[in-house]
Each structure stands twice: as structure tokens, then as C-alpha cells.
Amino acid sequence: MNLITPDTGLLFWMVVIFGLVFFLLWKFGFPIITEMVDKRNAAIRKSLKDAHEIEVQMAGMMAEHAQMLEDARKEQAQILREAADTRNKLIADAKVQAQEEAAKILAEARTEIAAEKEAALRDVRREVAVLSVSIAEKILRKELSDGDEQRDYIDRMVEETVREQAHS
Amino acid sequence: MIRAWLISLLLLVPSPALLVQDDNSSVILGEAAGGVEESQEEDVDIAEIIFEHIGDDYEWHIFSWGEKHVSLHLPVIVHSSTGWHVFSSKRLEHGESYEGLKIDPEKGKIVEVDSGKRPFDISITKNVLSLMMSSLLLLVVILLTARWYRKHDVMNESPTGIAALMEPLVMMVHDMARENIGEEDYRRYSPFLCMAFLFILLNNFLGIMPFFPGGANLTGNIAITLVLSLCTFFTVNLTGTKHYYKDIFNPDVPVFLKPIMPIIEVFSALMKPVSLTIRLFANMLAGHIMILCMVCLIFIMAKYGAVLTGSMTVVSVLFGVFLDALECLVAFIQAYVFTMLSSIYIGLARAHGE
């Protein structure tokens, strides 16, 4: 059969042409294409991996960021609260101190007033004594002309003075 | 697969084949049925038509316009007992002889007029010319693709034009090689597998094309498929590992099997290229024959009257379209199967002991 016997001419040409084309493409064709595409595939794989890593990092950073915001907000609230507390305490302290001060001033004023009063009273008493002595002198100068009466009067005066002495 | 093809072939062909072989009865049938035809119209010799299309030839018949035949006369290069002869095949037309050579009408090959012997014949036949053109096309296409990759920065550009066309095909085979041969040394074998795949694919499609640059039945020719599978055979057996040869000549089997196993293994190694050869050859040949039969059916039916011819034409065209679509599928599948089996055979020969 013609169909299933390989023809020598065609065999010869096939070996020559196929061999030649294969050699050329082996040297200058396929390896260049496959190498480049493999290189690109590797690069794509690497970029995808990098992108994924970055994504993970980004997610981490986002979480961190949110955490930081939350922390800052908490801190702010705390600081505000503390400030309010401090202010209130300061005011309260100041009030207390002012009251104490006022009380002290009042007390001092009171003692001073008392002292002044005492001094004034003493002065008045002295004046009164001087006056009464002088009045007494004058009265005595006029009244002591009569003897009995004088004696009565002197007794009464002494008595009064003693009583007064005992009083004070 | 081959058997399936042959069975379907047998189922489809019988009636026209019988009609053609029995000339007298077909003429009688023709007269009885139509009665219009005088014997002006020759019987359609379906076998001749089919064998002209699937076989090799010293000229390339392009088309006929009425009585005028346009064909390419290809150079004859032979070494006969009288030395080298190079001349145009036009001189051997219609059985004429030239320089003591003629085309044997039965074999369709050049023989010496005196002795009837076949000279050493390396003529540029239809198949050889088709082989040259398709190889040149493949060479140019792949070199242009490689040039694209050399001129462009692949890291920043996606392939365009011819590179975008060829990259998926080349990378498909490259990845197949990696899967079947292994990460270690698939790079050494990938060019051969790419070459085999693209060569078979290109020639399969050119074979389906019904007009000039295509139309030669190259991958349906046993010489071509034989060379391809021998390439695989030598690649497998010349680069096999120690482990591969140990499995052939001294496998780990019970002692009483030791003498038998090498015979079986060697036979199996020899049968692999044979199966590759015949699978591709028979598949492509069968596909071509089926399509040709469908087309010829129209012309056979021409003498049985308008109704039969018309209906048969519709059926033939529908079947022809179906078969052509099927052939496109088969063209790819066969190229893929050949390459995949080659890579699996190479992978087996690269096996390392566990």
C-alpha cells in the first residue's frame, strides 16, 4: 500500500527541514519566549505576594490607627475630667481658706475691739475717778464745815468706797 | 480512537465505494434511474479523487477551469543508475518519459523506464513544498515572536500582535512540559515539545484548508509522523536516566519474571513511537477521507436525477460542515495528544529512583 509505506524523499526532506527549523527555533526562538514569560510570571507572582503583604500591613496599621484614636479620645476625656476635678477642688479649697481667713480676721478684730474697749473703759474710769475726786474735793470743801454731818458723810463715803472696791 | 474513526468511515462510505468499484452496474443504475445521461459524462472515480487529494504528487494541482488545468510543476530531483537528474515534472506529464524516467501509473512514483526500479528520489513533491512553506511560516512566526520579546520590556508591557497570538500556545506546551517532566529539567525538553506541537497544529490546519497554500495532506502522511515520533523516541531513549534503563533491563520483579520483563519493556519502548506515528497519521487521514467522501457524494449522485441530487447535496453539505468543524477540533486534539504523550514518555525516562 502506498499510504502506509513512508516515502524516502519525503523522509529525507522532513528530517532536513524539521531538523533545521528545530535547531533555529531551539537556538533563537522558544527559549527566549518561555524565559521572558517565566520571568514575567515570576514578577507577577512576586508583586501579588507583595501586594498581599502590604494589604495585611495596611490592615494592621488601620487597626493601630483606630486604636490610637480611641486611646487619644479616652485620654482627652480623662484629662478633661481631671481638669474639672482640679478646678472644683481648687475652688473648694479657696473657699475654705477664705472662710478661715475671714474667721481669723474677724476673731482678731474682735479681740482688738475688746482690747480697745477695755482701754477706753479704763480711760473713762480714770477720768471718772479724777472727776469724782475733784467733784468730791469741791463738795468736801463746802460740806465739811459742819462736824457731825461731816463724820456721817465720811463714814458713808468710806463705806461706799469699800463696797465699790470689793465690787471691782 | 483510530478504530472509532475507521468504523465511522466504513459506515459512511459503503454505498459510493460500491458504486465506484462496479462500473458496469453503476452505469446501468444510472440509465435506469435518470435515463438522461448519455455516456458523455464519465463516472466519478471517487478512489482516484480521494487518493489524489490525500497522496503525494509531482505537481500541485491548484484548480481547473473547464478544460484548463492550472497546476504548479515541481522540480524532480532523482539519482538513478545514470546519475543525478534535475528537471521540471512538466516533462513527465501524461505518462511521458524523460531522461530514462517516467511516472509509474500504478504507484504514482518515478521509476526507471528500462528496469522499472525506483531511483533515489528526493524530488520537491507537493508534500515537500507544503512542508517547506509551513516550516518557513512557523520559523518566521516564532522568530518574530522571539523578536518581540527581545525588543520589549516584558515587565511593563503585555504582549501585543503576534506575541499575544503565540504566547498562549507556547506557554501551554511549556507548562505541560513542566507538569509531565518535572521542575528539574523540563526546560531542556520544552523547545522540542513546542516545536512538535506547533508543527503538527499548523500542518493539521493547513491540511484542512481546501485551496493552495494548504490542502497537502502532510500530517496524514506516514513519513512525516514517523520522523516526528522518531524524534520523540530518540529524545526519550538517549536522555533516559539510569533508573529508566534499570526499569527496562533489570526491574524489581520476582526472579522468574526477570528474563521476560526486558523483552516486554523493550517491545513497549519500541511500540511507543509506532503508536504515536499511527495515531496522528490515521486520525488526519481518516478525517480528510471522510470530508472528501462527503463532497464526492454530490457528484456521484449527479446522475440520479434532480430530486436525489438535491436532497443528497443538502445532506452532504450539512455533513461536510459538521465534519470540517470536527476536523478543526481533531487538528488541535491530535497536536495536543502527540505533545502530551511525548512529554509523558520523556517524563517517564527522567524518573529518579524513590
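Lettering follows sequence order; numbering is per chain, from 1. Just the heavy atoms: all of them, side chains too, but no hydrogens, waters or symmetry mates, feed the values below.
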Legend entry - Pairs touching residues 225-234 of chain B that satisfy side chain to side chain donor-acceptor pair (under 3.5 Å), sequence neighbours left out: B/Ser229-B/Thr277, B/Thr232-B/Ser342
Inset, instruction - Run through B/Leu230, B/Ile224, B/Val128 and flag the one making a side chain to side chain contact (heavy atoms under 4.5 Å, CB included) with A/Met14. - result: B/Ile224
Legend entry - Region of B/Asn127 in contact with chain A, defined by heavy-atom distances below 4.5 Å: both
Legend entry - Selection residues 134-161 of chain B - residue pairs positive for salt bridge (charged side-chain N to carboxylate O under 4.0 Å, His left out), sequence neighbours left out: none
Legend entry - Per-residue contact mode, B/Leu226 against chain A (heavy atom under 4.5 angstrom): side chain
Inset, instruction - Name the region of B/Ser135, side chain, backbone, both or neither, that has any atom closer than 4.5 Å to a heavy atom of chain A. - result: both
Inset, instruction - Please round to the nearest 0.5 Å and tell me the distance separating atom CG of B/Leu143 and atom CZ of A/Phe30. - result: 9.0 Å
Legend entry - Working for side chain to side chain contact (heavy atoms under 4.5 Å, CB included), residues B/Ile122 and A/Thr8: CA-CA 7 Å; B/Ile122 51 164; A/Thr8 43; over 6 Å; no
Inset, instruction - Identify which part of A/Phe12 has an atom lying under 4.5 Å from any heavy atom of chain B, answering side chain, backbone, both or neither. - result: side chain
Inset, instruction - Look at atom CD of A/Glu160 and say whether more than 12 heavy atoms of other residues, nucleotides or ligands are closer to it than 6.0 Å. - result: yes
Inset, instruction - Rounded to the nearest 0.5 Å, what's the gap from CG on B/Asp175 to CG on A/Asn41? Could you check? - result: 7.5 Å
Legend entry - CZ (A/Phe23) with more than 12 external heavy atoms under 6.0 Å: no
Legend entry - Best-contacting candidate, A/Ile17, A/Leu24, A/Leu10, A/Leu11, against chain B by heavy atom pairs under 4.5 angstrom: A/Leu10
Legend entry - chain A contact via B/Leu285 - side chain, backbone, both or neither, heavy atoms under 4.5 Å: side chain
Inset, instruction - Sort by residue number and list every member of residues 31-40 of chain A having a non-hydrogen atom under 4.5 Å from chain B. - result: A/Pro31, A/Ile32, A/Ile33, A/Thr34, A/Met36, A/Val37, A/Asp38, A/Lys39, A/Arg40
Legend entry - A/Phe18 vs B/Leu131 side-chain heavy atoms within contact, under 4.5 Å: no
Inset, instruction - Name the member of A/Ser47, A/Gly9, A/Pro6 that forms the most heavy-atom pairs with chain B at distances under 4.5 Å. - result: A/Pro6
Inset, instruction - Can you check whether anything in residues 191-198 of chain B gets within less than 4.5 Å of chain A, heavy-atom wise, and list it by number? - result: B/Pro191, B/Phe192, B/Cys194, B/Met195, B/Leu198
Legend entry - side chain to side chain contact (heavy atoms under 4.5 Å, CB included) assessment of A/Thr5 paired with B/Ile222: CA-CA 7 Å; A/Thr5 32; B/Ile222 201 162; over 6 Å; no
Legend entry - side chain to side chain contact (heavy atoms under 4.5 Å, CB included) evaluation trace for B/Ile124 with A/Trp13: CA-CA 9 Å; B/Ile124 309 293; A/Trp13 284 111; 3.4 Å; yes
Legend entry - Heavy-atom proximity to chain A below 4.5 Å, by part of B/Met132: both
Legend entry - Note, A/Asp7 side chain near B/Lys109 side chain (heavy atom, < 4.5 Å): yes
Legend entry - Heavy-atom check, side chain of A/Val21 versus side chain of B/Leu136, under 4.5 Å: no
